[in-house]
Amino acid sequence: MDSKKTNTTYTADDIHVLQGLQGVRKRPAMYIGSTNSAGLHHLVWEIVDNAVDEALSGYGDKITVTIHKDGSCSVLDEGRGIPVGLNKETGKSALELVFTELHAGGKFNSAVYKSAAGLHGVGAAVTNALSVWLDVTIYRDGGIHHMRFKDGGSVIENPLEQIGTTKKHGSFVRFKPDPQIFSTVDFKWDTIYNHLQESAFLMKGVKFVCVDERTNQEAEFYYENGLEEFINNTNQNKKALTPVINFEETDNETEISTEIALQYCYEDYNETIFSYVNNVRTKDGGTHEAGFRTGITRAINDFAENNKLLRGKKLEGSDIREGLTAVIALKIPEGLLQFEGQTKGKLGTTEATSVVQNLIYNKFTYYLTENKEIAMSIIKKCTDAQAARLAARKAKEEARSSKKTKQEVILSDKLTPAQSKNYKKNELFIVEGDSAGGSAKKGRDRIYQAILPLRGKPLNTDSVSLDKMLHNEEFATIINTIGAGFGQSFDIEEIKYGKIIIMTDADTDGAHIQTLLLTFFYHYMRPLITSGHVYIAVPPLYRVFKEADRKVIQEYVWDDQGLEAAKKKVGAGYKISRYKGLGEMDAVQLKETTMDPRSRMLIQVSIDDPFLVEKRVGILMGRDSGVRRKWVEENVDFNGVDTFIEEVK
Ligand code: TSJ
């Protein structure tokens, strides 16, 4: 196919086009965020978003993403097909522009609601620019049309031509990412699977298929009651207090359409709110979330007041949102769209506040009136939360006014405390096992590092009652040591350590212990994670060393790639020890490699994507231990909590 055709390269007219694509290659992170695995998958989302836009416009109800054996990935839709006719002035097709001009996609798209592609998506040209080749097949107007690019879009390997006839319509785009750009070109099944499932929840009636030809895995997502199934999926390991409650309405004046699904669960002290605008996550919330919060708070307060269910004081927003899971999905016409914040993750559209607030107030009030029993259970949950909050506040005030100072709080005898009272700088190491705990105690900097050894596996707090958690010695000790309460009364201002560092062996058990601890923090001290106080210590995997002239030359190695370099550095005659656990290191080694800020490696735990966290916590903590073990073994990026590595100083 290639050999007979002459390659078409760009002429002088096309210089600006090339510059655009080359700009993407020069600074890929500016367009796709990073060149790691997240950036790699961004290439897929750019393409998928276009297919999603087509489905949103009402064309095509099936989107298939395939990971191919040759390292390429493809997306197929059943829409109208990207237009292939030539523009008389430019002599170019819309198709060519889509793949060579930045942001061209949106220009041709007249859909009322624009999704990611039309919003802050950067377009299919970016995927082309960062691929070694990209191949397009369009089924349209009875014909099969084909075009192929290579070398980051700088060469048209096959100009657009009709290669056959068909009755089908749709677009097929396949591309192979450039390994010179990305640190990894390994597409991850889990990543694509989760993204497509999330899209399917938001686009009821559209089928998403995920295929991995490397492993012959295939999954299909099709949800008729999108958001309801989203909530069911999120809450599958929780105890439901109410059914999933759905509301839907399009505002006549603004043409903003809103869908909301919500559910209350027992023994959950957090609120989990996912919001979307035109199928794009608004991870920093914004006007629609604000409207939701005000609306639901007023609806419940007014209902409770009218039915004389309040004990005096009004419920606060936090009382009402304890144990609440909600998904808010808006479709906003382009003219009203406004995003804020550095990553554009926050909705700024002012109209959205009153639209959502009125909708939830009116419809939820009506629902409560019509469903008295459910209403009663919700109000009880809220007034219980209120009572707990007031009691905690009272206890805190009493503790303050009594003579007992902070230092007098009795700390566990297991804890080796730090000497300093500089809480911001202090570090708490939660260490797996007594023996490693012993080394850590010796190796620590006693001024600001404290050690708390754990015996065995901590309790799984995803499946036990609050009461049982509080009676668990390990967690009672952790709560007491951190010193800032838990659940709704957790107060981040009171924490006694700026860094809480989980230190376990680098094996499956260690990963499981991390997961259990993070599950606990996630459920009972979430602000500790969201404001970046929780870390995972990463011990080295190897020590490469030799003795020469009565001196020891040594290098610690954290990953397999680093091993060769370390061998060269140490030189002939080296020996390697492989660390299977923390216990194999003596106090000096543990200090040097894992505890001393000048040389250690830490992973800061963050919650980038609560959708994934909820889901993975579900997998990890659910009843199916087989699924869990498989997951733990396959995922080095620990625990379903997205992580990044702190720079090694
Ligand atoms: F990303 C992409 F451009 F490569 C891409 C676009 C990838 C995939 C898999 C699908 C698509 C795509 C684009 N699917 N459907 C469309 N639709 C159009 O481009 C289109 C078709 C007709 C009309 C029209 O007004 O007649 C308008 C548009 C935008």
Side-chain angles (χ1 to χ4, degrees), residues 17 20-21 24 31-32 41-68 72-87 92-131 133-150 152-153 156 158 160 166 168-177 187 192 195-196 199 203 206-211 278-280 334:
V17 164
L21 294 186
V24 177
Y31 297 86
I32 53 166
H41 289 88
H42 216 105
L43 301 186
V44 186
W45 316 148
E46 287 301 335
I47 302 298
V48 170
D49 286 345
N50 282 277
V52 163
D53 268 2
E54 184 72 358
L56 265 180
S57 308
Y59 303 98
D61 54 10
K62 183 177 168 190
I63 296 172
T64 306
V65 178
T66 306
I67 310 171
H68 299 278
S72 68
C73 179
S74 71
V75 182
L76 171 69
D77 74 10
E78 297 182 357
R80 291 166 291 180
I82 306 171
V84 291
L86 297 189
N87 178 291
K92 285 182 187 170
S93 58
L95 184 139
E96 182 173 337
L97 297 183
V98 163
F99 288 101
T100 54
E101 292 213 355
L102 298 176
H103 297 285
K107 281 185 214 155
F108 303 97
N109 197 331
S110 56
V112 183
Y113 304 119
K114 288 199 175 156
S115 84
L119 292 175
H120 28 269
V122 287
V126 168
T127 300
N128 195 17
L130 302 175
S131 296
W133 54 258
L134 183 144
D135 203 287
V136 193
T137 309
I138 303 296
Y139 306 87
R140 193 186 157 93
D141 305 329
I144 306 175
H145 308 265
H146 174 255
M147 184 167 191
R148 186 176 169 98
F149 303 83
K150 71 171 187 182
I156 294 178
N158 295 112
L160 180 59
T166 182
K168 287 197 292 190
H169 49 91
S171 306
F172 177 76
V173 176
R174 178 167 171 176
F175 63 96
K176 188 173 159 82
F187 287 116
I192 295 176
H195 187 96
L196 296 183
S199 300
M203 295 196 58
V206 177
K207 183 187 279 182
F208 287 80
V209 183
C210 188
V211 180
N278 299 4
N279 285 3
V280 183
E334 205 186 352

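Every number for a ligand or one of its atoms is a count from 1 in the order of the listing.
The option from R140, R80, E46 that lies nearest to atom 28 (C) of ligand 1, judged by heavy atoms, is R80. Of the listed options V65, V98, I82, L76, I82 places a heavy atom closest to atom 13 (C) of ligand 1. Scanning G123, G81, A94 for the heavy atom closest to atom 21 (C) of ligand 1 points to G81. Scanning S57, A124, P83, G79 for the heavy atom closest to atom 19 (O) of ligand 1 points to P83.
The proximity of V173 to ligand 1, defined as any non-hydrogen pair under 4.0 Å, is limited to the side chain. When heavy-atom distances to ligand 1 are checked against a 4.0 Å cut-off, R174 has no atom that comes that close, whether in backbone or side chain. In Y59, neither the side chain nor the backbone holds a heavy atom less than 4.0 Å from any atom of ligand 1.
Minimum heavy-atom separation, S74 to H68: OG-NE2, 2.8 Å. Of all the heavy atoms in I82 and L95, the pair that sits closest is CG2-CA, 3.8 Å. Across A55 and M203, no two heavy atoms sit closer than the pair CB-CE, 3.8 Å.
Taking the six-membered ring where the residue is Trp, F99 and F149 present tilted rings, their angle falling between 30° and 60°.
Listed by atom number, the atoms of ligand 1 under 4.0 Å from F99 heavy atoms are 2 (C), 3 (F), 4 (F).
Only one option out of V136, L160, T166 pairs with H145 in a side-chain contact (heavy atoms from CB on, under 4.5 Å); it is L160. With V48 as the partner, the side-chain contact (heavy atoms from CB on, under 4.5 Å) test is satisfied by one option alone out of D53, V75, L43: V75.
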